[in-house]
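This is the structure I want to talk about, given as structure tokens.
Ligands are counted one by one from 1 in listed order, and the atoms in each one are counted from 1 as well.
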Amino acid sequence: MKYPLLVTGAVAVLVLARTVPPAAAYPSSSSRQRCGNTTSTRVLLTFDDWNPADPGLATRTGDYLKSRNIRAAFFLNGADVRGHPDVPAKLRAQGHYVGNHGSTHKDLTKLTDAQVRAEISGGVRSNVLRPPHGAWDDRVRSLAAGMGYRLCTWSVSTRDWDKGSGPDGRRSAASIRAMWKSAPAASKKAGNILGHLWTNYPSAVTGLIADVHAEGRLFCRNRGAVPANWPAGPACT
Ligand SMILES: [Zn+2]
């Protein structure tokens with residue numbers, strides 16, 4: 001009986017070794033643009049990257065949104081978070097999702113398989129990856145899935161990084177709000193708004209909230225702390 005037991009043991013070890021099951025991709029491009037928010041029409045505000053000049057901005061913004069009963073999502077760079085390792089847990093305790101945005105904001109489509117894996121494993125641990133620059137292809141998606149990640153992009157970009165009349169020479173808060181206002185209704189429904197912590201987007205948030213509400217739309221509702229792994233779609237209701 002020794003031999004069958006050894007074989008069974010070997011199989012068990014192989015099964016246990018595969019601790020990260022491949023992630024199921026979002027079922028459609030519309031779903032991928034919304035991080036799977038297909039069961040609610042609520043709008044998700046998202047904040048990418050980091051603000052090196054104001055490291056407290058992420059959690060301050062998170063605190064403000066919590067006070068407005070709004071759940072947002074943050075896609076922070078792993079390299080930035082390493083200097084502020086308590087931030088993801090603080091944001092999640094505030095009721096916001098935190099996703100992986102890679103380690104050093106590289107275009108994953110231009111990297112080798114090993115480099116893609118290193119960028120993802122150096123990013124914030126989660127099960128949703130927003131590829132930097134929105135750049136992905138089937139290879140990147142497959143590599144990410146093998147590490148337990150689904151890809152999420154966005155449905156409405158504020159293009160907050162563009163040159164403009166803002167105080168930093170980029171798009172102003174008013175112009176960021178105008179980007180939402182002029183977006184097609186189909187993109188606004190269950191809209192996933194892309195903006196960055198290092199632009200004028202955070203200062204546009206109060207106005208954006210008013211604009212979205214004035215259209216009769218609601219934001220993803222904040223019902224308290226969330227785990228590192230997102231459900232199939234963000235819990236918005
Ligand atoms: Zn980014």
Side-chain angles (χ1 to χ4, degrees), residues 26 29 32-37 43-62 65 72-85 87-88 90-92 96-111 115-137 139-141 143-144 147 149-164 166 168-171 173 175-176 179-180 183 187 191-205 208 228 230 234:
Y26 290 125
S29 64
R32 184 172 52 246
Q33 288 169 352
R34 291 167 169 78
C35 304
N37 180 19
V43 173
L44 184 67
L45 278 168
T46 72
F47 297 82
D48 281 17
D49 303 344
W50 189 249
N51 188 326
D54 186 0
L57 181 61
T59 50
R60 241 176 25 250
T61 302
L65 292 170
F74 292 78
F75 293 94
L76 309 174
N77 302 313
D80 294 319
V81 167
R82 276 192 277 286
H84 307 273
V87 169
K90 278 188 182 169
L91 290 170
R92 287 165 179 151
H96 309 298
Y97 292 109
V98 184
N100 191 311
H101 196 43
S103 179
T104 59
H105 213 264
K106 297 248 167 57
D107 179 339
L108 300 179
T109 65
K110 296 192 161 67
L111 303 183
Q115 288 169 329
V116 170
R117 289 197 189 94
E119 274 295 313
I120 295 172
S121 63
V124 175
R125 282 290 294 277
S126 177
N127 63 343
V128 174
L129 169 71
R130 175 173 275 173
H133 314 285
W136 64 277
D137 52 23
R139 182 182 66 99
V140 167
R141 181 168 60 180
L143 288 167
M147 298 173 72
Y149 286 89
R150 289 166 289 183
L151 301 189
C152 174
T153 53
W154 55 83
S155 73
V156 176
S157 172
T158 63
R159 296 192 61 87
D160 50 336
W161 63 86
D162 280 345
K163 283 195 169 61
D168 56 352
R170 296 189 185 278
R171 188 180 291 280
S175 182
I176 286 168
M179 291 299 287
W180 166 263
S187 302
N192 187 342
I193 307 180
L194 169 70
H196 298 79
L197 287 165
W198 49 272
T199 68
N200 297 302
Y201 175 68
S203 60
V205 161
L208 265 175
W230 303 32

Q.
Return all protein N, O or S atoms below 2.8 Å from the Zn ion (ligand 1), chain by chain in residue order.
A.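 N, O, S partners closer than 2.8 Å: Asp49 OD1, His101 NE2, His105 NE2.
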(Q) Using the ring-ring contact (aromatic ring centres under 6.0 Å, His included) definition, which of the options Phe75, Tyr26, Phe74 pairs with Trp230? (A)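 Single pass found, and it is Phe75.
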Q.
Quick check: closest heavy atoms across Leu194 and Thr46, and the distance to 0.1 Å?
A.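 Closest pair (atom of Leu194, atom of Thr46, distance): CA-OG1, 3.6 Å.
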Q.
Does Arg125, at its CZ atom, have more than 12 non-hydrogen atoms belonging to other residues, nucleotides or ligands within less than 6.0 Å?
A.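 12 or below, so no.
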Q) Side-chain contact, heavy-atom cut-off 4.5 Å: Trp161 with Asp49? A)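 A side-chain contact is absent here, since even the closest heavy-atom pair is not under 4.5 Å.
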**Q.** Minimum-distance pair of heavy atoms, taken over all atoms of Arg141 and Arg32
**A.**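 In this case the closest contact between Arg141 and Arg32 is NH1-NH1, 3.4 Å.
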Q. Parallel, tilted or perpendicular: which describes the rings of Trp198 and His196, with under 30° parallel and over 60° perpendicular?
A.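 Trp198 and His196: tilted rings.
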